[in-house]
Peer 1: 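Provided herewith is a single structure, encoded as structure tokens, for subsequent inquiry.
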Protein chains: 2
Amino acid sequence: MHTVQVDSDGLVACASVGYEPGSARWWIQRSDLERRRRPRLGGLSTERIIGAALDVLREDGLDALTVRAVAERLGTSNASLYRHIASRDELIALIGDHVMGDIRIERTGRGWRADIEVLMSEMRRVILDQPLPDAAGRNMHGYGPNMLRFVNAAVTAFDSAGLTRAEAVYTTIAMIELVAGAATIQRSRSGRSPSGVPAGAGFDELLDRLPPDDVAALRETGDVYLSAPVDAVFAHSMAIFLDGVTSRLPASH
Amino acid sequence: MHTVQVDSDGLVACASVGYEPGSARWWIQRSDLERRRRPRLGGLSTERIIGAALDVLREDGLDALTVRAVAERLGTSNASLYRHIASRDELIALIGDHVMGDIRIERTGRGWRADIEVLMSEMRRVILDQPLPDAAGRNMHGYGPNMLRFVNAAVTAFDSAGLTRAEAVYTTIAMIELVAGAATIQRSRSGRSPSGVPAGAGFDELLDRLPPDDVAALRETGDVYLSAPVDAVFAHSMAIFLDGVTSRLPASH
DNA sequence: ACCTGAACACCGTTCAAGT
DNA sequence: ACCTGAACACCGTTCAAGT
């Protein structure tokens, strides 16, 4: 049982019926809504809101991304945004897919492995490019037009490698899982305190306080765990994944 | 330049000097702090706070996890919690590592691959077990005692497989990236609207609205993308990863 | 159809005052 | 050393009233 707010024009009613932001139905509803708009000169638009949100994100960081801050940057009241987005979660879902739109999708002509390498690197790049709210990552798998375009490109590439369609889909999901996880982990691995202290500083001292048996291997390799360059780690993760896919290909002769 | 709040007992001063929650230095500071406590009968403790937070999380979900809600469940004022945790972020970091403590770490005796399979499945299980705040995932890689124990177990297993120490460390990070990403994506894949609509409902209609060339492969395999069972997807991701690791092992004869 | 000031019901966090 | 009521500075969101 839903109580639906009905505005005089019924727009808000539509926007708040309650599909989960990022879900397929929600994206459908969204495109309907955008089509029904009658933009004013110098007025707001979803596009301008996303742009302002990305500005806030890049300049002042994740914590500063509030509806109020976005409104201020646009020179309007925060209440005005709610004519274009039904909630902060919607804004975040929109940002998530918008960012995926920066991915360059093109075949390399050098085979499926090179194609997938580019797709993975591109996805990682756009995620790391700005401090995305985690919730955007949560919806990143989602059903936005840019994400679906990306998924389609990956499925196509795995298809051309010789996988069955079903396996190409599964493999694409695995690829997305890995890149999403890698970006998240990298972000925290390279994090530092406000005071500038790297997250791993004092690692040896920390190990000394733990039961020796619990961290025996780490004692011998702690510096590797700490100082492994993030790009090298990603390259290695990607290589494992691609080698795994290769080993599952039907014998190619 | 820091302005440090100094309480009469100096405790709060210590807790707020500003290491990033989840960082190595922060965990060191934490264990010092806990050691200096003089608990009262029936009083609060970090442990009780974490327990209450997990209760809130499991019963009322992620959005309900507020400092105030945790305090209410403990029958105290929210201000009281700040004697044991310096911020909500600290609480989340503590939860993140606490959850990793549920992982059963034991050798299977059936080789490195079986050992790693267990570790991956266990990590996935504890992450999915409750709706963890994303920020906990962000810190999950971190330097908590339980996480380090887990990392150590994985490095040890890869070591026994024949990888060099450095490669074992890199491979462990890749493993964590994959499992963290897989859990995140699964959570959103199986999400539904408050009204109970699955996130993927209406997928075909959505594809119809996109440029046909952008989603050609998905049109043919959309149902697989939608209905792939989450457990099967994870098993497949894990198999790719393990096959990849295997293919990178030094020839074993 | 769009925009807005003012308000509502929350947050996390602080601090003086208590035991 | 620990706990707490009350307050502060925010949030996201709503709504009546304006154009």
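Hydrogens, waters and symmetry mates play no part in the numbers below; they use all other heavy atoms, side chains included. Chain A is the first sequence line, chain B the second, and so forth, proteins listed ahead of strands; every chain is numbered from 1.
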Peer 1: May I ask you to decide if A:Thr76's main-chain N or O and A:Ser80's side chain share a donor-acceptor pair within less than 3.5 Å?
Peer 2: no
Peer 1: In Å, rounded to the nearest 0.5 Å, how long is the span from NE2 of B:His98 to CD of B:Glu47?
Peer 2: 7.5 Å
Peer 1: So if I take every side-chain heavy atom of B:Tyr82 and compare against C:dA7, C:dT13, D:dT4, which nucleotide ends up nearest?
Peer 2: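 Closest nucleotide among those given: C:dT13.
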Peer 1: Rounded off to whole Å, could you give me the CG-to-C1' distance for the A:Asp89 and D:dT13 pair?
Peer 2: 12 Å
Peer 1: Please report the distance, rounded to the nearest Å, between CG in A:Leu81 and P in D:dT14.
Peer 2: 13 Å
Peer 1: Check the distance between C:dT19's P and B:Leu44's CG and give it to me in whole angstrom.
Peer 2: 18 Å
Peer 1: Closer to the 5' end of DNA chain C via nearest nucleotide, is it A:His84 or A:Asn78?
Peer 2: A:His84
Peer 1: Could you check whether B:Ser80 gets within reach of a base, just the sugar-phosphate, or nothing at all, counting any heavy atom under 4.0 Å?
Peer 2: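 Base contact - B:Ser80 has a heavy atom under 4.0 Å of at least one base atom.
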Peer 1: Is the distance from OP1 or OP2 of D:dC3 to the nearest side-chain N or O of B:Arg83 less than 4.0 Å?
Peer 2: no
Peer 1: Can you tell me how far apart OG (A:Ser23) and CZ (A:Arg30) are? Round to the nearest 0.5 Å.
Peer 2: 12.0 Å
Peer 1: Give, for atom CG of A:Leu94 and atom CD of A:Glu90, the distance between the pair rounded to the nearest 0.5 Å.
Peer 2: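 With rounding to 0.5 Å, CG (A:Leu94) is 6.5 Å from CD (A:Glu90).
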Peer 1: Between C1' on D:dC10 and CZ on B:Arg88, what's the gap in Å once rounded to a whole number?
Peer 2: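 These atoms are roughly 15 Å apart.
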Peer 1: Do the side chains of B:Val67 and B:Tyr82 get nearer than 4.5 Å, heavy atoms only?
Peer 2: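 Contact flag for B:Tyr82/B:Val67 side chains = yes.
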Peer 1: Given that both distances must come in under 3.5 Å, which nucleotide forms a Watson-Crick or G-U wobble pair with C:dA9?
Peer 2: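 Result: none.
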Peer 1: Does a side-chain N or O of B:Arg37 approach OP1 or OP2 of D:dC2 to a distance below 4.0 Å, or not?
Peer 2: yes
Peer 1: How long is the line joining CD1 of A:Ile85 and P of D:dT14, in whole Å?
Peer 2: 11 Å
Peer 1: Given D:dC11, C:dC2, D:dC2, identify the nucleotide with an atom nearest to the side chain of A:Thr66.
Peer 2: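 Out of D:dC11, C:dC2, D:dC2, the nucleotide with an atom closest to A:Thr66's side chain is D:dC11.
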Peer 1: Could you give the CG-to-P distance, from A:Leu65 to D:dC10, as a whole number of Å?
Peer 2: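 About 17 Å, once rounded to whole Å.
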Peer 1: Out of D:dT13, D:dT4, C:dT4, which has the shortest distance to the side chain of A:Ala79?
Peer 2: C:dT4
Peer 1: What is the distance, to the nearest angstrom, from the CZ atom on A:Arg68 to the P atom on D:dG12?
Peer 2: 7 Å
Peer 1: Go through C:dG5, D:dT13, C:dT13 for me and flag the one nearest to the A:Ser77 side chain.
Peer 2: C:dG5
Peer 1: Starting at atom CD of B:Glu34, determine the distance to atom P of D:dA1, rounded to an integer number of angstrom.
Peer 2: 14 Å
Peer 1: Counting only Watson-Crick or G-U wobble pairs whose two distances fall under 3.5 Å, which nucleotide matches D:dT19?
Peer 2: C:dA1
